[in-house]
Visitor: 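Pasting a structure here, questions to come.
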2 protein chains.
Amino acid sequence: MSQFEIGAAHVQRMRARRIYEALKDQIVSGVYGKDGHLPSSRSLAVELGVSRTTVTVVYEQLLAEGFIDVRQGSRPRVALAAIAPSSPDKSLPRPVPKRLSSYASRIRDIAPWSDTRDSRFVADFRYGDLAPSDFPNAIWKRAVNAAMAKTPERLAYGDPRGSHRLRMALQGYLWRARTLRCDLDQIIVVNGSQQGLDLCARLLLDPDHRFAIENPCYAMARQIFASTGATAVSIEVDRDGLNTELLTDVDARLAYVTPSHQFPLGGVMSISRRFQLLEWARRLEAYVIEDDYDSEYRYDIKPVPPLYGLQEGCNVIYLGTISKTLSPMLRIGYLVVPPELQALFATAKQLTDRHTPVADQYALASLIEAGAYEAHVRRVRRLNGERRETLLNALRLEFGNSIVIEGADAGLHIVVWFRELSAQLASVVIKTGRDAGIGLHSIASLYDPRSRDAQTDRLGLVMGYAALDSRRIERGVQLLGDVVEKTLRSSG
Amino acid sequence: MSQFEIGAAHVQRMRARRIYEALKDQIVSGVYGKDGHLPSSRSLAVELGVSRTTVTVVYEQLLAEGFIDVRQGSRPRVALAAIAPSSPDKSLPRPVPKRLSSYASRIRDIAPWSDTRDSRFVADFRYGDLAPSDFPNAIWKRAVNAAMAKTPERLAYGDPRGSHRLRMALQGYLWRARTLRCDLDQIIVVNGSQQGLDLCARLLLDPDHRFAIENPCYAMARQIFASTGATAVSIEVDRDGLNTELLTDVDARLAYVTPSHQFPLGGVMSISRRFQLLEWARRLEAYVIEDDYDSEYRYDIKPVPPLYGLQEGCNVIYLGTISKTLSPMLRIGYLVVPPELQALFATAKQLTDRHTPVADQYALASLIEAGAYEAHVRRVRRLNGERRETLLNALRLEFGNSIVIEGADAGLHIVVWFRELSAQLASVVIKTGRDAGIGLHSIASLYDPRSRDAQTDRLGLVMGYAALDSRRIERGVQLLGDVVEKTLRSSG
């Protein structure tokens, strides 16, 4: 068949498709009546200016699907069953969903995701974003290609807990990097730590339960636990992390904490509070969810070992991620769960989405096995340490003593409090910032809405720096200086 | 630094780590008492045969973490806070989880995943597995590499509904391949259709609800809906799919159906039943979940358009997947949801795991855009059509009229009923099969356990063929003949 003929066949098919669609719509909407006749194939072909074959193909299709009946020699008729019993009026307004689950009603008011990133920004201090230039492109590409070259015996669903190879690699990594010892069966690979939190929420919380959570905290953690219908008990944090004194009398099923580097304020949980927290969990048979989201990044301080493993047999669920070291777009995280929960987490993960995609799991495993992952972590720790220095210096230069900086020892963000600006000015500052070409993010949304006013009377910004180079950081801080000055002028 | 020196530093670090671990364990478990002294660094170095520097490094780490106090010139002491207030007795048996959610208690009895695949099998007729040789390796690899080469401006969380590019590509594909017209915003990319079902279950079902489901059906669909606490109403299927007459008086929040190719029995839902089903959903304000899991595979019949779009404004949630065309290991599926549910599904997806991994989304989009996906579908349809022919011929040759075959018009599996074997023999047949080197899978587990006995008095096997070559299919059927003969002899 020549190329020309293929083209002609294609055109004919497209024509047939359009005619088929038009006729089906007409039949279903009752144009031909309940059992009216359609045009003969000959007359329709003439009418539409197509070949009779094209029309015949269309009629055969409609016949096969039960929309028409064709009897020898007579014109096709609309099949009795093909008319919708009652076509809803198209002019009616879109129905609002009514019959939903209580879960749906609980998440309904969460603001929809929207991409407020703006490529024209000089600097967006959004927390959680990373610089593409930090990503180990060549190494990852090689690893993914090696993973794709590995042909399995069958293409088949895999272990819901994650591939054996990745869990082996993670077991070694957790031991080397975090002095965390666990059995292979305790590790569950998930699609980022968000899925890990979701599994915890589903397996541990009911609507009549309560959960303890840091205040301020990672907003989506509070949302995910609250989406079960359970009630949040917000516990204040300070420089030593969650204030466990305030937890003592709280009856809750779980406590969500970030002990290595409190998000967002940056405190490291002291050893005495760690023991208090574990004792609380033991007494109440509650679980502690330890979100170790960015412990790879520490600058002037020594690494702090995780809560997990501090006490034998303690009720800790450990949560790790590569979203801060490699990329949030890969979607790989991992849980270390107590032995008595292993089977339940595996079943829940399987029901939720079978398992995490396989090729990326292999690629990550090979990076860890080769030591390339840890070398990469050292490299990005150094790079982010430099960004942090640049940001701290620029802020000191620009603002001097009019700001207080929190949480700079570790992580990929700091919190900047403005002595002279009230928290009420947040939206003005953010808008002025946007006009000036910088992305600013208030800390207010990270507080429990019920306690927000009490917690932050001064304006606080969460400033992430991992996606920015030094020029953008410096220029961004200068622009922030202008924004603050302008706000002070117009508000004073 | 020479290589030798790096090696020595490494050895020293490893030694320090081990000593650190041992001391930490000893401190925490109370070996040195509540505020006892530790050995001086000098004596410990001598005792352990390491350099004093190594011990100093260890002590500094323990000091930084708050396990010990060090005062000028005196031996380090155990910090007061470092002792666990009450160490649980290690000899106690592992605690059974007690304080769990009702979701956890509902999924607790689901059998854990286990890999019963056996590489020594001559043929495993497991449904859902595909042949690695069918996978378009070179094309996929090129697409993934192109996706990895595309550097975004920032590494950042993306749209929870999936990338704009993939949703565009899917919109076109659904229109061309399934005559399904929808807005871009109605498409939600998920991690395989399993996650699509999970989102539907969470958003639509509460414990006091009921859901209608085909009987027999895809077992994990029933499990996921039942995991919400809602009650299953099992509806019988026949050659025309779900028997909608039996649905008329059922009060339920949703109906789960596989109208293009009923799983597992293979019926295609007739047009009159389609309208009945939609009318039922309209009347009850219920949603119909249309799982279009393998509509790409049809052999002697014309494609049947989906339920979705048959009626304007109807309450259908459409579910598609690439697990049957490309690979179940990739974990990509998609939902088309009614406009009033768009925002809710996007929020639920975001809370669950932010979004589906990005590189695979780009790769799939580029395959669809280039027409390579549809060319691939045509190729695997032909290949699987050949496998199906081989299997059907082999079965006819081996068993003649002693079997009845169902569902061979479409899909990647058939159901074989054995006239002479009762359903009670399933486990014997499967075990005998395993010993003979073939993997067999009974249909019994796909029936509602409450109605299983009534539905299948004869032995039925679900035989998937998509992972097998013709030699294995033919040899597998011969071995199945032996297995059946042996079972008949020993049971008669």
Side-chain angles (χ1 to χ4, degrees), chain A residues 61 64 66 81 84-85 88 90 94-95 97 99 101-104 107 110 112-113 129-130 132 141 148 151 154-157 160 191-192 194-195 198 202-206 224 253 271-272 275 279 285 302 311-313 327-329 331 339-341 343-344 347 350-354 357-358 467, chain B residues 64 66 81 84-85 88 90 94-95 97-99 101-104 107 110 112-113 119 129-130 132 141 148 151 154-157 160 191-192 194-195 198 202-206 224 253 271-272 279 285 302 311-313 327-329 331 339-341 343-344 347 350-354 357-358 467:
Chain A
Q61 180 75 17
K90 289 190 192 188
R94 283 281 178 218
R99 312 244 300 169
S101 69
S102 41
Y103 170 82
I107 69 168
I110 295 176
W113 182 88
D129 291 3
L130 302 181
K141 216 166 154 172
M148 288 191 292
T151 310
R154 312 186 123 204
L155 304 179
Y157 296 116
N191 299 347
Q194 187 67 31
Q195 188 176 53
D198 189 35
R202 294 175 86 170
L203 288 170
L204 300 175
L205 291 177
D206 270 340
I224 200 87
R253 289 300 183 100
I271 187 81
S272 58
F275 282 124
E279 171 57 21
E285 290 182 3
K302 292 273 157 86
Q311 240 178 49
E312 185 76 18
S327 169
M329 298 162 92
R331 315 307 308 129
E340 75 273 12
L341 295 181
L344 268 173
T347 300
Q350 185 182 18
L351 282 180
T352 303
D353 66 359
R354 295 273 192 171
V358 174
Chain B
K90 291 190 190 185
R94 284 277 177 221
K98 284 174 214 120
R99 310 248 297 171
S101 69
S102 43
Y103 170 80
I107 70 167
I110 294 176
W113 182 86
S119 57
D129 292 3
L130 302 181
K141 216 167 154 174
M148 288 192 293
T151 309
R154 311 187 123 204
L155 304 178
Y157 296 114
N191 300 345
Q194 186 68 30
Q195 188 176 52
D198 189 34
R202 293 175 87 168
L203 289 171
L204 300 176
L205 291 176
D206 269 343
I224 201 84
R253 288 302 183 99
I271 187 80
S272 57
E279 170 56 21
E285 290 182 6
K302 292 274 156 89
Q311 239 176 49
E312 184 78 16
S327 169
M329 299 162 92
R331 315 306 307 131
E340 75 273 14
L341 295 181
L344 269 174
T347 301
Q350 184 181 21
L351 283 180
T352 304
D353 66 359
R354 294 273 193 174
V358 175

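Numbered from 1 within each chain, the chains take letters A, B, ... in sequence-line order. The figures here come from the full heavy-atom set of this structure, side chains too, leaving out hydrogens, waters and symmetry mates. Predicted model only: the values in this text are computed from it and were never measured.
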Visitor: Sequence neighbours left out, what passes side chain to side chain donor-acceptor pair (under 3.5 Å) with B:Gln194? Give chain and number order.
Guide: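 B:Gln194 satisfies side chain to side chain donor-acceptor pair (under 3.5 Å) with B:Tyr218 only.
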
Visitor: Output the option from A:Lys141, A:Gln350, A:Arg331 having the highest count of non-hydrogen pairs under 4.5 Å with chain B.
Guide: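 Highest number of heavy-atom pairs under 4.5 Å: A:Arg331.
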
Visitor: Quick check: closest heavy atoms across A:Tyr157 and B:Trp113, and the distance to 0.1 Å?
Guide: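 Closest approach of A:Tyr157 to B:Trp113, heavy atoms only: O-CZ2, 4.1 Å.
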
Visitor: Of all of B:Arg202, B:Arg354, B:Met148, B:Gln195, which one pairs up most often with chain A through heavy atoms under 4.5 Å apart?
Guide: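 The answer is B:Arg202.
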
Visitor: Using the side chain to side chain donor-acceptor pair (under 3.5 Å) criterion, which residues pair with B:Asp129? Sequence neighbours excluded.
Guide: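 With sequence neighbours excluded, B:Asp129 shows a side chain to side chain donor-acceptor pair (under 3.5 Å) to A:Arg154, B:Arg117, given in chain and number order.
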
Visitor: Tell me which of these, A:Pro132, A:Pro112, A:Ala467, A:Pro357, has more heavy-atom pairs under 4.5 Å with chain B than the rest.
Guide: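 The option with the most such pairs is A:Pro132.
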
Visitor: So, for B:Leu344 and A:Ala104, which heavy atoms are closest and what is the spacing to 0.1 Å?
Guide: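 Looks like CD2-O, 3.5 Å.
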
Visitor: Pick whichever of B:Thr151, B:Leu130, B:Asn191, B:Val358 has the most heavy-atom pairs under 4.5 Å with chain A.
Guide: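 Highest number of heavy-atom pairs under 4.5 Å: B:Leu130.
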
Visitor: Given the options B:Leu203, B:Leu205, B:Ile110, which has more heavy-atom pairs under 4.5 Å with chain A than any of the others?
Guide: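 Among B:Leu203, B:Leu205, B:Ile110, the one with the most close pairs to chain A is B:Leu203.
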
Visitor: State which residue, out of A:Asp353, A:Leu351, A:Thr352, fulfils the side-chain contact (heavy atoms from CB on, under 4.5 Å) condition with B:Asp198.
Guide: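 Testing B:Asp198 for a side-chain contact (heavy atoms from CB on, under 4.5 Å) against A:Asp353, A:Leu351, A:Thr352 leaves exactly one candidate, A:Thr352.
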
